[in-house]
Trainee: 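Please see the structure below; I have some questions.
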Amino acid sequence: QYIRSLSSSAALQAIKHVTVIGGGLMGAGIAQVAASTGHSVVLVDTSEDILKKSAKGIEASLKRVAKKKFAEKPEDGEAFVQKVLKNVSTSSDAASVVQGTDLVVEAIVENLKVKQDLFGALDKVAPEHTIFASNTSSLQIADIASSTARLDRFGGLHFFNPVPMMKLVEVIKAPATSQQTFDALLEFSKALGKHPVSCKDTPGFIVNRLLVPYMMEAVRLHERGHGSKEDIDVAMRLGAGYPMGPFELLDYVGLDTSKFIIDGWHAMDPDNPLFGTSPLLNKLVSEGKLGKKTGEGFYKYK
Ligand code: NAI
């Protein structure tokens, strides 16, 4: 037990410098939370323009947090925002910044080849001890890691949107992930103030593996004519106590993202009825109705 706690605290100390790759919705949130908890963070994206937008987004989000947290003392809130912002820098050159990093968290586009190329290149320049982690929602960690020679120092850190609000992190142990790496990722998640759960490297891990087939079955139930969208949503909110019904949730997640996930799983395991696709979902996506973000999905938004 003593040795175990010693090694965990060593691992906790080890992850101080974090490189977050991808400054979009998830990456900016991960960078914000890591910086807020005292880590030094470099946020990487493909262009300075995107990075400027990400940095602005982080500052605005921190100000919202500070306004709530320091409602009585706004000057302490401003000091908090400035302190956290000092912990974050940005770069469009991943290879040059990974030199000094303990952990790389990748949150770029959900495309296996692009992720493999990124990690393959970083593997050649990152220090020996650096741990690599992907925030992928639907790809296998082992497939992404296969482009590197550090399979033992590669795992999954799956955050939830919006990252500053959502407490859960799924920590994924692929078959080749070492126990030490896995423990370091658990400790890092706790250091972020999150609640980690352990997952195997299986499609959708825990949350999406249950949530995506549930949402797809809601669409099929509607397609069979067994319930209106509105009634299904009300039923699940009031009957199951869910904060959103399945159609509201699909619109929030994005219909393109949901289609991408289910299509990938269907291709991998076509006979699994849980991974069945839906003509209605496909139609909406082909019409560009992708949910809240485009103003229309299953519902219309102002
Ligand atoms: P996003 O589209 O908002 O952001 C992706 C960012 O990565 C963009 O700013 C893009 O310019 C950048 N990027 C693309 N290729 C790059 C490269 N080679 N090097 C550096 N930057 C690059 O996407 P989002 O939603 O933040 O998703 C990112 C990852 O997180 C995906 O793997 C997704 O599956 C996963 N994820 C998404 C969740 C969500 O609710 N959106 C939830 C949990 C995980």
Side-chain angles (χ1 to χ4, degrees), residues 19-34 41-58 61 90-98 101 104-123 125-126 132-141 143-145 147 155-172 189 192 194 196-197 199 203-209 211-212 215 244 248-265 290-294 297:
T19 301
V20 178
I21 314 216
L25 189 66
M26 296 303 290
I30 297 165
Q32 178 186 329
V33 171
V41 181
V42 185
L43 181 61
V44 176
D45 209 299
T46 48
S47 78
E48 294 300 333
D49 274 356
I50 297 177
L51 286 166
K52 262 193 204 138
K53 258 181 82 182
S54 312
K56 268 200 175 153
I58 290 175
S61 172
T90 58
S91 169
S92 53
D93 181 10
S96 70
V97 297
V98 293
T101 206
V104 173
V105 183
E106 167 273 313
I108 67 167
V109 57
E110 187 76 336
N111 176 301
L112 179 60
K113 173 85 170 56
V114 180
K115 288 189 197 281
Q116 283 175 334
D117 287 350
L118 172 75
F119 279 119
L122 294 184
D123 189 37
V125 287
F132 286 180
S134 175
N135 182 50
T136 180
S137 289
S138 63
L139 304 169
Q140 304 272 126
I141 298 297
D143 288 344
I144 304 171
S147 65
L157 275 180
H158 186 228
F159 291 84
F160 291 80
N161 176 35
V163 182
M165 306 291 295
M166 299 290 280
K167 282 278 169 212
L168 185 71
V169 181
E170 292 180 326
V171 182
I172 297 109
S189 307
L192 297 182
K194 300 293 181 197
V197 292
C199 298
F205 314 125
I206 296 176
V207 172
N208 284 339
R209 177 61 191 253
L211 207 49
V212 175
M215 294 191 297
M244 283 185 214
E248 293 164 319
L249 188 56
L250 278 160
D251 275 357
Y252 179 75
V253 170
L255 303 194
D256 51 342
T257 305
S258 306
K259 175 173 157 54
F260 180 84
I261 294 175
I262 203 69
D263 285 353
W265 294 356
L290 307 182
K292 262 193 139 162
K293 63 184 169 189
T294 59

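Bear in mind that the values here come from a model prediction, so they are computed numbers and not experimental data. When reading the values below, keep in mind they use all heavy atoms of this one structure, side chains included, and skip hydrogens, waters and symmetry mates. When a ligand or atom number is given, it counts from 1 through the structure's own listing order.
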Trainee: Please work out which of Glu110, Glu170, Lys53 has its closest non-hydrogen atom nearest to atom 32 (O) of ligand 1.
Mentor: Glu110
Trainee: Any nitrogen or oxygen of Met26 lying under 3.5 Å from a nitrogen or oxygen in ligand 1? Just yes or no.
Mentor: yes
Trainee: Would one find an N or O of Leu25, backbone or side chain, under 3.5 Å from an N or O of ligand 1?
Mentor: yes
Trainee: Applying the side-chain contact (heavy atoms from CB on, under 4.5 Å) criterion to Lys293, which one of Asp256, Val253, Leu255 satisfies it?
Mentor: Asp256
Trainee: Of the choices Ala107, Gly254, Ala121, which has the non-hydrogen atom that lies closest to atom 28 (C) of ligand 1?
Mentor: Ala107
Trainee: Side chain, backbone, both or neither: which applies to Asp117 and ligand 1 if a contact is any heavy-atom pair less than 4.0 Å apart?
Mentor: neither
Trainee: List the closest protein heavy-atom neighbour of atom 44 (C) of ligand 1: residue, atom name, distance to the nearest 0.1 Å.
Mentor: Ser137 OG, 3.0 Å
Trainee: Please check: side-chain N/O of Lys259 versus main-chain N/O of Gly254, any donor-acceptor pairing under 3.5 Å?
Mentor: no
Trainee: Report the part of Phe159 (side chain from C-beta onward, or backbone N, CA, C, O) that has a heavy atom under 4.0 Å from ligand 1; answer both or neither where that applies.
Mentor: backbone
Trainee: Below 3.5 angstrom, do we get any N/O pair linking His158 and ligand 1?
Mentor: no
Trainee: Counting only nitrogen or oxygen atoms and a 3.5 angstrom limit, does Glu106 reach ligand 1?
Mentor: no
Trainee: Tell me which protein heavy atom sits closest to atom 40 (O) of ligand 1, plus the residue, atom name and distance to 0.1 Å.
Mentor: Asn161 CB, 3.4 Å
Trainee: Quick one: does any side-chain atom of Asn135 pair with a main-chain N or O of Phe159 as donor and acceptor, under 3.5 Å?
Mentor: yes
Trainee: Considering the heavy atoms of Ile21, write down every atom of ligand 1 situated less than 4.0 Å from one of them.
Mentor: 20 (C)
Trainee: Which distance, rounded to the nearest 0.5 Å, do you find between the CG of Leu139 and the CD of Glu110?
Mentor: 4.0 Å
Trainee: I'd like to check which ligand 1 atoms, numbered from 1 as shown, lie under 4.0 Å from a non-hydrogen atom of Lys115.
Mentor: 31 (C), 32 (O)
Trainee: Is there a protein heavy atom at a distance of less than 4.0 Å from atom 9 (O) of ligand 1?
Mentor: yes
Trainee: Check the pair Val207, Leu168 against side chain to side chain contact (heavy atoms under 4.5 Å, CB included), reporting the backbone distance first and the verdict last.
Mentor: CA-CA 10 Å; Val207 172; Leu168 185 71; 3.6 Å; yes
Trainee: How far is atom 4 (O) of ligand 1 from the closest protein heavy atom, and which atom is that?
Mentor: Gly24 CA, 3.3 Å
Trainee: Donor-acceptor pair, Ser189 side chain versus Val169 backbone, under 3.5 Å?
Mentor: no
Trainee: Starting from atom 11 (O) of ligand 1, what is the nearest protein heavy atom, named by residue and atom, and what distance separates them?
Mentor: Asp45 OD1, 2.7 Å
Trainee: Is there a protein heavy atom at a distance of less than 4.0 Å from atom 36 (N) of ligand 1?
Mentor: yes
Trainee: For Ile50, counting its heavy atoms only, list the atoms of ligand 1 lying under 4.0 Å from any of them.
Mentor: 9 (O), 11 (O)
Trainee: Using a strict cut-off of 4.0 Å, indicate which atoms of ligand 1 neighbour a heavy atom of Thr46.
Mentor: 11 (O), 16 (C), 17 (C), 19 (N), 20 (C), 21 (N), 22 (C)
Trainee: Got a second to check how far Ile50's CD1 is from Leu43's CG, nearest 0.5 Å?
Mentor: 10.5 Å
Trainee: Measuring from Phe132:CZ to Lys115:NZ, what's the distance to the nearest 0.5 Å?
Mentor: 14.0 Å
Trainee: Under 4.0 Å between a Lys/Arg side-chain N and an Asp/Glu carboxylate O for Lys53 and Asp49?
Mentor: no
Trainee: Would Ser137 and His158 count as a side chain to side chain donor-acceptor pair (under 3.5 Å) if you check the C-alpha gap in whole Å, the side-chain angles of each, and the deciding distance to 0.1 Å?
Mentor: CA-CA 7 Å; Ser137 289; His158 186 228; 3.3 Å; yes
Trainee: Strictly distance-based, threshold 3.5 Å: is any side-chain N or O of Gln116 a donor or acceptor partner for the main-chain N or O of Asp143?
Mentor: yes
Trainee: Hey, looking at atom 31 (C) of ligand 1, which of Asn135, Ile108, Thr136, Ile261 has the closest heavy atom?
Mentor: Ile108
Trainee: Look at the side chain of Glu170 and the backbone N and O of Ile172, then say whether any donor-acceptor pair between them is shorter than 3.5 Å.
Mentor: no
